[in-house]
Amino acid sequence: MFSGYNEYDMPELPEVETVRRGLSRLIVGKKVIHVSFDTPKSFPNPSGEVDQFLVSTTVTAVHRRAKVLLIELSSGYTLVTHLKMTGQLVYIANGRWHMEDGKNKKPIANSHMPIAAGEARFGGGHPNDSLVGELPDKSTRVIITFEDGTRLFFNDQRKFGWMRLIPTISVPEIDFMKRLGPEPLEDDFTAEVLYERLQRRKNTSIKAALLDQSVVAGIGNIYADESLWGAQIHPATLVRDILPSAISTLHSEIISVLKLSLDKGGSTDKNYVDAEGKKGSYLTFANVFRREGQACPRCGRAIIKLRVAGRGTHICPQCQPILG
DNA sequence: CACTTGACCTGTCCGC
DNA sequence: TGCGGACAGGTCAAGT
């Protein structure tokens, strides 16, 4: 079963995009017939709205903006979903329903390996762990059942994540959405754009600036550390002290790190489908993240961990000198 | 307005 | 062995 943060990792852009691709393949076109949810924190809409705008509607598309999933429905509403750190969406396609007695509906748990549409965790697990334990479990917040009997579980141990039904037309007007910076894997994210966006945070550390979703959308703690290592910039360096040429290097590192992880996310998703375990997870090729004490792949010095911007931060002290 | 810190949560790990 | 505290980190609210 799930056992904590070093087996679970927080979804950032590549993980959420992987989830999006999985869901897009698996649930578009499916009709919702039942929704159950418990904590209002995880799903604050009143049940009347759920009945009116989610139940009996069909999934028409799954989009992503930054780390937010946008599950569009035929009702004109969108199920806006943020996994935060420990959220995961698990799609179970082949749990069958017991219908023998007509009243005791019960899925055959684990009769087949579930297909994960993309879980939040992608690293550091034990090869023998089952990918998904019997669901629902105590972290299950929402269960969406489709007409064909397949189900989507929203699990979130720490209840930071949420799902929320919002009129599709209003989604871009959500404050959070309006503030977001550019998508780093879109063509309009150029080095010049990054430089310009960073000017709003020029008196803070580059790490804090990269975590600021209004500067660039979708970067979290892992990719901030990895891209800064790639660009050989110390995370505590003030933005105003970084030369434009270094910003340009950082820009290309952000893109290559995200793309590399996205490739791995795809392979991880395939592994889930094939019930092959968690081989090929991101952390097997992370250069610094959670690798304190290990040798820097570039120079061999031991990687160290420190705190920058209130976050655990991993650097090579030789490749990323102070005031780089 | 720019910036920092604490709160939100649950579960695990570490030191005593 | 039990227990308290630190820690994991995305985002927002509150404070400087």
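Bear in mind that the values here come from a model prediction, so they are computed numbers and not experimental data.
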**Prompt:** Partners of A:Phe53 by ring-ring contact (aromatic ring centres under 6.0 Å, His included), sequence neighbours excluded?
**Reply:**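 A:Phe53 satisfies ring-ring contact (aromatic ring centres under 6.0 Å, His included) with A:Tyr77 once adjacent residues are dropped.
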**Message:** List the residues meeting ring-ring contact (aromatic ring centres under 6.0 Å, His included) with A:Phe43, not counting sequence neighbours, and say none if there are none.
**Reply:**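 A:Phe43 satisfies ring-ring contact (aromatic ring centres under 6.0 Å, His included) with A:Phe37 only.
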Interatomic distance at [atom1], [N] relative to [M], whole Å:
N      : M      : atom1 : value
B:dC9  : C:dC3  : P     : 24 Å
C:dT11 : B:dT12 : C1'   : 23 Å
C:dC12 : B:dG11 : P     : 24 Å

**Item:** Any residue meeting salt bridge (charged side-chain N to carboxylate O under 4.0 Å, His left out) with A:Arg64, in chain and number order, not counting sequence neighbours
**Value:**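 Testing A:Arg64 for salt bridge (charged side-chain N to carboxylate O under 4.0 Å, His left out), a comparison that skips the adjacent residues, returns A:Glu17, A:Glu183.
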[X] side chain: which of [options] is closest?
X        : options               : answer
A:Phe176 : C:dG10, C:dG9, C:dC12 : C:dC12
A:Lys41  : C:dG10, B:dC9, C:dG9  : B:dC9
A:Gln157 : C:dG9, C:dG10, B:dT10 : B:dT10

**Item:** Whichever hydrophobic residues join A:Ile303 through chains of side-chain contacts under 4.5 Å
**Value:**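 Besides A:Ile303, the cluster holds A:Trp229, A:Val288.
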Assigning hydrophobic clusters by single linkage (Ile, Leu, Val, Met, Phe, Trp, Tyr; side-chain heavy-atom cutoff under 4.5 Å), is [X] placed with [Y]?
X        : Y        : answer
A:Val28  : A:Val55  : yes
A:Ile233 : A:Val239 : yes
A:Phe289 : A:Ile255 : yes

Spacing between [X] atom [atom1] and [N] atom [atom2], to the nearest angstrom:
X        : N      : atom1 : atom2 : value
A:Arg158 : B:dC8  : CZ    : P     : 13 Å
A:Leu83  : B:dT10 : CG    : C1'   : 17 Å
A:Leu13  : C:dT11 : CG    : P     : 11 Å
A:Arg164 : C:dG10 : CZ    : C1'   : 14 Å
A:Arg290 : B:dT12 : CZ    : C1'   : 12 Å
A:Met85  : C:dG10 : CE    : C1'   : 5 Å
A:Leu210 : C:dG9  : CG    : P     : 15 Å
A:Asp212 : C:dA13 : CG    : C1'   : 15 Å

**Request:** Under 3.5 Å for both distances, Watson-Crick or G-U wobble, that's the pair rule; now give the dot-bracket for DNA chain B, with | marking pairs to another strand and [ ] for crossing ones.
**Result:** .|||||||.|||||||
**Request:** May I ask you to list the residues of residues 177-186 of chain A, by number, that have any heavy atom positioned under 4.0 Å from an atom of DNA chain C?
**Result:**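 Those residues whose heavy atoms fall under 4.0 Å from DNA chain C, taken from residues 177-186 of chain A in numerical order, are A:Arg179.
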side-chain N/O [X] vs [N] OP1/OP2, d < 4.0 Å:
X        : N      : answer
A:Lys84  : C:dG9  : no
A:His82  : C:dT11 : yes
A:Gln213 : C:dT11 : yes
A:Lys67  : C:dT11 : yes

**Fill in**
With sugar-phosphate taken as primed atoms, P, OP1 and OP2 and all else as base, the protein-contact string of nucleotides 1-7 of chain B at under 4.0 Å (heavy atoms; B, S, -) is --SS---
Can you list, pair by pair, the side-chain donor-acceptor contacts under 3.5 Å of residues 159-167 of chain A, counting residues two or more places apart and other chains?
none

**Item:** Under the side-chain contact (heavy atoms from CB on, under 4.5 Å) test, residues paired with A:Ser252 that sit two or more places apart
**Value:**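 Applying side-chain contact (heavy atoms from CB on, under 4.5 Å) to A:Ser252 gives none.
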**Counterpart residues, side-chain contact (heavy atoms from CB on, under 4.5 Å), relative to A:Thr140 (two or more places apart)** =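 For A:Thr140 the side-chain contact (heavy atoms from CB on, under 4.5 Å) partners, ignoring immediate neighbours, are A:Leu135, A:Pro136, A:Asp137, A:Ile143, A:Phe153, A:Asn155.
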Set out, line by line, the N/O atom pairs under 3.5 Å between protein and nucleotides 14-16 of chain C.
none

**Asked** Would A:Lys30 and A:Thr150 count as having a side-chain donor-acceptor pair, cut-off 3.5 Å?
**Response**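 No pair is found: no donor N or O on one side chain lies under 3.5 Å from an acceptor on the other.
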**Salt-bridge present (A:Lys207, A:Asp225; N to O < 4.0 Å)** =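 Salt bridge between A:Lys207 and A:Asp225, a charged N being under 4.0 Å from a carboxylate O: yes.
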**Request:** Check the surroundings of atom CG in A:Asp187: do more than 12 heavy atoms from other residues, nucleotides or ligands lie under 6.0 Å from it?
**Result:**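 Not buried by this count: 12 neighbours or fewer within 6.0 Å.
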**Prompt:** How would you list all residue pairs meeting side chain to side chain donor-acceptor pair (under 3.5 Å) that involve residues 54-63 of chain A, not counting sequence neighbours?
**Reply:**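 Only A:His63-A:Glu72 qualify under side chain to side chain donor-acceptor pair (under 3.5 Å).
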**Prompt:** Side chain of A:Arg179, backbone of A:Gln213: donor and acceptor closer than 3.5 Å?
**Reply:**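 No, the answer is negative, given that no donor and acceptor are paired below the 3.5 Å cut-off.
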